[in-house]
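Structure, as structure tokens:
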Amino acid sequence: EAYSLILILAATWAGFWFAERLSRPIGNLADASKKIGLGDLSIRVLETKGNDEISVLARSFNQMTSKLEVQRGELLAKTDQIEQRKILFDSVLSSVSTGVVGIKSNGEITFINKSALSLLDMTESKALGLDLEIVVPEFSDFLKKTKTSVKGDISSEVQVTRRGKLEILLVRTRARVNHSGSIDGFVVVFDDVSELVSAQKMAAWGDVARRIAHEIKNPLTPIKLSAERLYRKLNSLIPPNDKSLKLYTDMIIRQTNDIQRIVDDFSKFARMPEPEKRKINLLELISDIVLLQQSAMPDKKIYFERNKELALGFFDVTMMGQVFTNLIKN
């Protein structure tokens, strides 16, 4: 009986030993799996030599966790790279003065930068998720042409009214092509070219102004010379106390010089010339202008009353002459 009890105890101990030897690696694998589930991919289980199932399972488990750790590192690196590119992308688009809008193929706005919001006078919350044609009705015809275009690359000038001001936008689109080669959206880029268009118009009008000024300028010198010759020839034929010939010829010469100066300034595209001030009697200037306009409008009677002889001041004769001439004509 003693031997039987010893054998039973030995068998029980051996059973526990084998069970513990088998269950310990399984328990280690279970604990390691829990840690992996919590995100710790650096965990490894003890490998034993041999080709039994437990050893193979432990080696496979460690290989799996090693690969997962490497892949997670690569994924984190790529995610960080993508995030850095996104930050750079947002920074670049936020700093440029050009408006940039990303839309789906159905026109829904998916992205809009700060410049676009400023140019279109809207907020991001009122733009994202809406159809660009609804947000900016002026783009409607342009977007329809874009969607029917084969390449989706179109540019055009579009007039929009924002903040009570008419703006001219140069709008361009570029299609976004997916891996299958089909268009899944567009990038709409636009700039405010109002000042550029205005400058082009100014340049065109400047050229016209120079041509007109050249044609007006040609006869001025002959008119001035003719007035001087008339005075020399007729001066001896009129009574000495008659100053009218001198008065009219001087007026013709002075007005010719004024026109010459105006034409010179007009040839510089009608910019306001710098005043050339000198001390003059304003009353005498007005008197000459009244006399000139009375001669030009004989059917009208112009009255000029003065209660003193002097009104001295520093004026530009030509500019003041234009002011009072326009007043009398009006």
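Please read these numbers as outputs of a predicted model, since none were measured by experiment. Side chains are part of it too, since the values below use all heavy atoms of this structure and drop only hydrogens, waters and symmetry mates.
In this view, K246 and D250 satisfy the salt bridge (charged side-chain N to carboxylate O under 4.0 Å, His left out) rule, not counting sequence neighbours. The salt bridge (charged side-chain N to carboxylate O under 4.0 Å, His left out) test applied to K277 returns no partner, not counting sequence neighbours. Y303 meets the side chain to side chain contact (heavy atoms under 4.5 Å, CB included) test with K301; sequence neighbours excluded. Shown here are the side chain to side chain contact (heavy atoms under 4.5 Å, CB included) partners of V290, two or more places apart in sequence or in another chain: I286, I302, F304, I328.
K329 has its side chain within reach of Q293: a pair of non-hydrogen atoms, C-beta onward, lies under 4.5 Å apart. Within the 4.5 Å cutoff, the side chain of D80 has no heavy atoms near those of the L76 side chain. The side-chain heavy atoms of L283 and E309, taken from C-beta on, include no pair separated by under 4.5 Å. Inter-residue side-chain proximity for R254 and D288 is flagged as met; some heavy-atom pair is nearer than 4.5 Å.
Between the OG1 atom of T65 and the CZ atom of R72 there is a distance of 11.0 Å, given to the nearest 0.5 Å. Summarising the geometry, atom CG belonging to N257 is positioned 7.5 Å from atom CD belonging to Q260; distances are rounded to the nearest 0.5 Å.
Residues L312 make up the rest of the hydrophobic cluster containing L310, defined by ILVMFWY side-chain heavy atoms closer than 4.5 Å, directly or through other members.
In this structure, S140 and E133 approach most closely via the heavy-atom pair OG-OE1, 3.4 Å. When all heavy atoms of F190 and T98 are compared, the pair lying nearest together is O-CG2, 3.4 Å. Contact detail for I289 and M320: the closest heavy-atom pair is CD1-O, 4.4 Å. Across every non-hydrogen atom of E157 and L170, the tightest pair is CG-CD1, 4.2 Å. Here the closest non-hydrogen pair linking I103 and T110 is N-OG1, 4.0 Å. Summarising the geometry of D316 relative to T318, their closest heavy-atom pair is OD1-N, 3.1 Å, with the distance given to 0.1 Å.
Hydrophobic clustering (side-chain heavy atoms under 4.5 Å, transitive across Ile, Leu, Val, Met, Phe, Trp, Tyr) groups L130 together with I112. Transitive grouping of hydrophobic side chains (ILVMFWY, heavy atoms separated by less than 4.5 Å) brings L128 and V188 into a common cluster. L292 and I253 are assigned to two separate hydrophobic clusters, defined by single-linkage of ILVMFWY side chains at heavy-atom distances under 4.5 Å. Residue L247 is not grouped with residue L285 when hydrophobic side chains (ILVMFWY) are merged at heavy-atom distances under 4.5 angstrom, including chains of intermediate members. Note on L169 and L117: same hydrophobic cluster, where clusters join Ile, Leu, Val, Met, Phe, Trp and Tyr whose side-chain heavy atoms are under 4.5 Å apart, directly or indirectly.
At least one donor-acceptor pair under 3.5 Å links the side chain of T249 to the backbone N or O of L245.
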What donor-acceptor contacts under 3.5 angstrom involve side-chain atoms of residues 226-233, with partners at least two apart or in another chain?
from : atom 1 : to   : atom 2 : distance (Å)
S226 : OG     : P222 : O      : 2.7

